[in-house]
Amino acid sequence: GNSVTQMEGPVTLSEEAFLTINCTYTATGYPSLFWYVQYPGEGLQLLLKATKADDKGSNKGFEATYRKETTSFHLEKGSVQVSDSAVYFCALMPGNNRKLIWGLGTSLAVNP
Amino acid sequence: DGGITQSPKYLFRKEGQNVTLSCEQNLNHDAMYWYRQDPGQGLRLIYYSQIVNDFQKGDIAEGYSVSREKKESFPLTVTSAQKNPTAFYLCASSLQGAENIQYFGAGTRLSVL
């Protein structure tokens, strides 16, 4: 079946540190992959996406590359800020239906 | 401004009571979704609707009901049959195109008195 596995949090970093949040998936066919972010007390918003293998999604300094050979879509940022503190969700949309499959979320706290 | 509006932001339910959470969108999206979010459990799909007057159960539909009489509106009723309703509820909508990017409201936090 389809599933998404994210690294467990919480992740705590100092400002300007390098961030990696791991995401691996299991899917049939050719899924699209997404990262969403949820700031405290808010709904989710799309951070970036990739629709086919080797695509790189990027936004606000965050990047993730769709790696079919390792079934991964790890989120990275070179220098985090306090304002990046949030919960990050990895998700996939299978090629054969429209429903999103969600990871459990990874909480990130960035200290000044 | 286009977007999704959920109301109320906070809601309290008494034992045996049904409560309804509102979700309205002005994005002209065909599809709408309701999710439940519990700490450490990510998002779980309750119901979704791809077109007016049609909806399907998600993974945890028991104890919930929905209607989709208008394209803009997708209210969720938490019935008395839902024994553990305390959670954060999120509504989302999307176009029916290939990418299915979902846009979310700010959520409703439901607690039991």
Side-chain angles (χ1 to χ4, degrees), chain A residues 1-11 21 23-25 27 29-52 55 57 59 64 66 73 86-109, chain B residues 1-10 21-25 27 29-51 54-61 87-109:
Chain A
N2 300 306
S3 66
V4 174
T5 303
Q6 287 183 237
M7 64 185 284
E8 285 191 30
V11 174
I21 299 178
C23 173
T24 57
Y25 67 89
Y30 303 95
S32 295
L33 300 171
F34 305 83
W35 277 102
Y36 279 79
V37 59
Q38 184 179 31
Y39 297 103
E42 299 183 8
L44 280 71
Q45 53 186 276
L46 179 69
L47 182 59
L48 54 83
K49 63 178 173 65
T51 56
K52 61 182 186 298
D55 269 1
N59 186 25
Y66 186 158
F73 193 54
V87 180
Y88 293 82
F89 290 91
C90 185
L92 74 82
M93 186 177 71
N96 58 355
N97 73 58
R98 319 283 312 126
K99 287 166 57 178
L100 283 174
I101 310 298
W102 295 89
L104 295 183
T106 303
S107 174
L108 170 66
Chain B
D1 280 339
I4 300 177
T5 301
Q6 289 188 241
S7 62
K9 191 171 178 65
Y10 299 96
L21 285 61
S22 171
C23 178
E24 303 277 332
Q25 54 98 0
L27 300 168
H29 286 171
D30 293 303
M32 297 187 74
Y33 311 81
W34 273 106
Y35 292 96
R36 172 178 170 142
Q37 186 177 24
D38 295 280
Q41 294 197 44
L43 275 71
R44 292 184 289 170
L45 183 65
I46 304 172
Y47 269 98
Y48 65 103
S49 168
Q50 295 179 301
I51 195 169
D54 186 46
F55 48 83
Q56 288 80 40
K57 293 181 179 179
D59 301 318
I60 55 163
F88 190 51
Y89 290 86
L90 287 162
C91 178
S93 70
S94 71
L95 287 169
Q96 287 289 66
E99 293 189 331
N100 192 27
I101 295 171
Q102 294 189 12
Y103 296 82
F104 284 80
T108 293
R109 189 165 297 282

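Hydrogens, waters and symmetry mates are skipped; everything else that's a heavy atom, side chains included, is used. Quick note on labels: first sequence line is chain A, next is B, and so on, each numbered from 1.
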Problem - Exam field: side chain B:Y48 to backbone A:K99, donor-acceptor pair closer than 3.5 Å - result: no
Practice task
Go through the steps for B:Q102 and A:F34 under the test side-chain contact (heavy atoms from CB on, under 4.5 Å), then give the verdict.
Solution key: CA-CA 10 Å; B:Q102 294 189 12; A:F34 305 83; over 6 Å; no
Completion exercise
The interface call for B:Q50 against chain A, heavy-atom contacts under 4.5 Å, is side chain
Practice task
Take atom CD of B:Q41 as the centre, draw a 6.0 Å sphere, and report whether it contains more than 12 heavy atoms from other residues, nucleotides or ligands.
Solution key: yes
Problem - Neighbour count above 12 (heavy atom, 6.0 Å) for A:Y39 OH - result: yes
Handout entry: Selection from A:Q6, A:Q38, A:E42, A:Q45 maximising heavy-atom pairs under 4.5 Å formed with chain B
Key = A:Q38
Practice task
Look at atom CG of B:L27 and say whether more than 12 heavy atoms of other residues, nucleotides or ligands are closer to it than 6.0 Å.
Solution key: yes
Completion exercise
Taking every heavy atom of B:Y35 against every heavy atom of A:L100, the minimum-distance pair comes out as OH-CB, 4.3 Å
Practice task
Can you tell which part of B:L43 gets under 4.5 Å to a heavy atom of chain A, answering side chain, backbone, both or neither?
Solution key: both
Problem - Portion of B:I4 that has a non-hydrogen atom of chain A nearer than 4.5 angstrom - result: neither
Practice task
Kindly compute the distance separating CG (A:L46) from OH (B:Y103), expressed to the nearest 0.5 Å.
Solution key: 7.0 Å
Practice task
Applying side-chain contact (heavy atoms from CB on, under 4.5 Å), run through A:W102 and B:Q37 and close with a yes or a no.
Solution key: CA-CA 11 Å; A:W102 295 89; B:Q37 186 177 24; over 6 Å; no
